[in-house]
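What you are looking at is a predicted structure, and each value in this text was computed from that prediction instead of being measured. Numbered from 1 within each chain, the chains take letters A, B, ... in sequence-line order.
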Amino acid sequence: MREVVVGNFSLKATLESGQLFRWHHGSNGFYHIVAGDSIIKVRQSGDKIEYDSSNTKFDVKKFLGLNHSYSKIIGSVSKDKVIAAAVKKHRGLRILEQDLWECTASFICSSFSNIPRIRQCIEKIAAAFGSRMEFDGIASSSFPQPQQITDFSRLKKCGLGYRAEYLFETARIFASSNGEYSKQQLQKLSYEEAKNKIMELPGVGSKVADCILLFSCGFYGAFPVDVWIQRTMVGNYGREITSFAAGRKPSEKVVAEFARGYFGEYAGYAQQFLFHNARTSRKTLPNKLNIGKVSELIVPSHKF
DNA sequence: CACCAGGTACTGT
DNA sequence: ACAGTACATGGT
């Protein structure tokens with residue numbers, strides 16, 4: 001078991017903010033994470049993090065985003081009271097650094113679905129194509145490599161619905177491309193180039209592409225716009241967006257363009273704060289969230 | 001039994 | 001470029 005002391009980190013907010021699907025909150029405050037072919041156990045008390053991994057080579061600190069300069073990031077995105085309130089409420093939320101392929105597969109599964117079912121699909125894929133493993137009393141399956149997903153009828157049974165074809169084809173492309181779809185190669189490209197590149201993959205549109213770039217490739221300016229972000233952005237920045245749009249409809253695309261420019265270099269971090277905030281506010285306060293006395297972060301419940 | 005869920009691909013204008 | 005629409009699946 002390793003121990004590190006880190007400031008500005010919330011394990012709970014980081015894991016539970018919807019970036020990652022394969023984790024469970026167990027006893028003794030430990031979270032168990034399955035990533036690739038590793039099982040990681042980790043818990044936090046105060047500034048102390050305790051962790052261990054089935055694979056000693058797995059860089060837990062890097063995976064958890066602990067190498068980022070947090071104060072620089074939140075200083076950079078805190079442009080107004082709305083985002084500042086979300087940052088304050090979820091202080092310590094970090095963007096993970098996931099494996100490119102696993103992240104891509106996961107977010108292909110995520111489209112037009114819901115989190116419980118996304119998790120279920122991913123678990124089924126792992127059970128069907130991965131290898132059994134066990135660590136710290138937790139039994140699970142590794143996430144399969146793309147070249148292991150060769151049986152389409154078997155993939156069909158994992159509950160992906162029509163996304164099965166997208167994932168199957170994307171797996172084939174990953175397996176047959178010579179490092180073209182690698183973190184290393186993508187990071188050589190500009191944001192726009194990298195995004196266009198991964199949008200060539202079936203099942204990867206604008207939103208999923210931004211999730212992949214943000215959660216696995218270190219493109220922290222990527223700003224994924226799903227229905228939650230769309231609502232919360234229009235609700236909180238309607239005026240600014242309208243002004244920015246200059247006559248255009250405030251579509252997801254326009255919102256993403258606005259947000260990337262407005263929040264800047266670490267817009268993706270802003271997105272994750274706003275997303276997590278919208279998700280966690282919904283049950284208690286459907287339409288409005290008051291954080292302290294400072295802000296009125298609105299989370300409209302209706303569609304626009 | 002409708003309706004919804006971290007959208008994408010395809011079509012027509 | 002941009003709006004409209006179908007889409008598998010499982011849960012309420």
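One atom, NZ of A/Lys207, and another, P of B/dA5, lie 13 Å apart when rounded to the nearest Å. Note: CG (A/Asp226) to P (B/dT8) measures 10 Å, nearest angstrom. The distance between atom CD of A/Glu165 and atom P of B/dA9, rounded to the nearest whole Å, is 12 Å. Taking atom CZ of residue A/Phe107 and atom P of nucleotide B/dA5, one finds them 17 Å apart after rounding to whole Å. The CD1 atom of A/Ile108 sits 9 Å away from the P atom of B/dA9 (whole-angstrom rounding). Between A/Ile115 atom CD1 and B/dC4 atom C1' there is a gap of 14 Å when expressed in whole angstrom units. The CZ atom of A/Arg119 sits 19 Å away from the P atom of B/dA5 (whole-angstrom rounding). Atom pair A/Lys195:NZ and B/dT8:C1' shows a separation of 13 Å (rounding to whole Å applied).
Remark: the A/Asp210 side chain and the A/Tyr191 side chain contain an N/O donor-acceptor pair separated by less than 3.5 Å. A/Gln272 and A/Ser17 share a side-chain donor-acceptor pair at under 3.5 Å. A/Arg94 and A/Ser10 share no side-chain donor-acceptor pair at under 3.5 Å. For the residue pair A/Glu240/A/Ser243, the side-chain donor-acceptor check at 3.5 Å is not satisfied.
For the pair A/Lys197 and A/Tyr181, the cation-pi criterion (under 6.0 Å, within 45° of the ring axis) is fulfilled.
Using a 4.0 Å heavy-atom distance criterion, A/Ser17 is classed as a base contact. Nucleic acid contact class of A/Phe275 (heavy atoms, under 4.0 Å, all strands): base. A/Pro116 comes within 4.0 angstrom of nothing in the nucleic acid, heavy atoms only. A/Gln271 comes within 4.0 angstrom of a base, heavy atoms only. Backbone-only engagement by A/Val204 is indicated by non-hydrogen atom pairs under 4.0 Å involving sugar-phosphate atoms exclusively. Base contact: A/Gly18 has a heavy atom under 4.0 Å from a base atom.
Taking the C1' atoms as reference points, C/dC2 lies 23 Å from B/dG6, given to the whole Å. Between the P atoms of B/dT11 and C/dA8, the separation comes to 14 Å (whole Å). For C/dG10 and B/dC1, the C1' atoms lie 14 Å apart once the distance is rounded to whole Å. Only the C1' atoms considered, B/dA5 is 22 Å distant from C/dA3, to the nearest whole Å.
Ranked by how close their nearest DNA chain B nucleotide is to the 5' end, A/Leu201 and A/Ile229 are led by A/Ile229.
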What verdict does the side chain to side chain donor-acceptor pair (under 3.5 Å) test give for A/Glu16 and A/Tyr31, after you've listed the backbone C-alpha separation in whole Å, the side-chain angles of each residue and the deciding distance to 0.1 Å? CA-CA 11 Å; A/Glu16 297 185 6; A/Tyr31 286 85; 2.7 Å; yes
I'd like to know whether A/His90 forms a ring-ring contact (aromatic ring centres under 6.0 Å, His included) with A/His276, so could you lay out the CA-CA distance, the side-chain angles of the two residues, the decisive distance to 0.1 Å, and finally the verdict. CA-CA 8 Å; A/His90 301 290; A/His276 189 43; 4.5 Å; yes
For a quick check, with a 4.0 angstrom heavy-atom cut-off, what is the B/S/- contact string for nucleotides 1-11 of chain C, read 5' to 3'? -SS---BBBS-
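Using bins of under 30°, 30° to 60° and over 60° for the plane-to-plane angle, the ring pair A/Phe275/A/Trp228 lands in the perpendicular bin.
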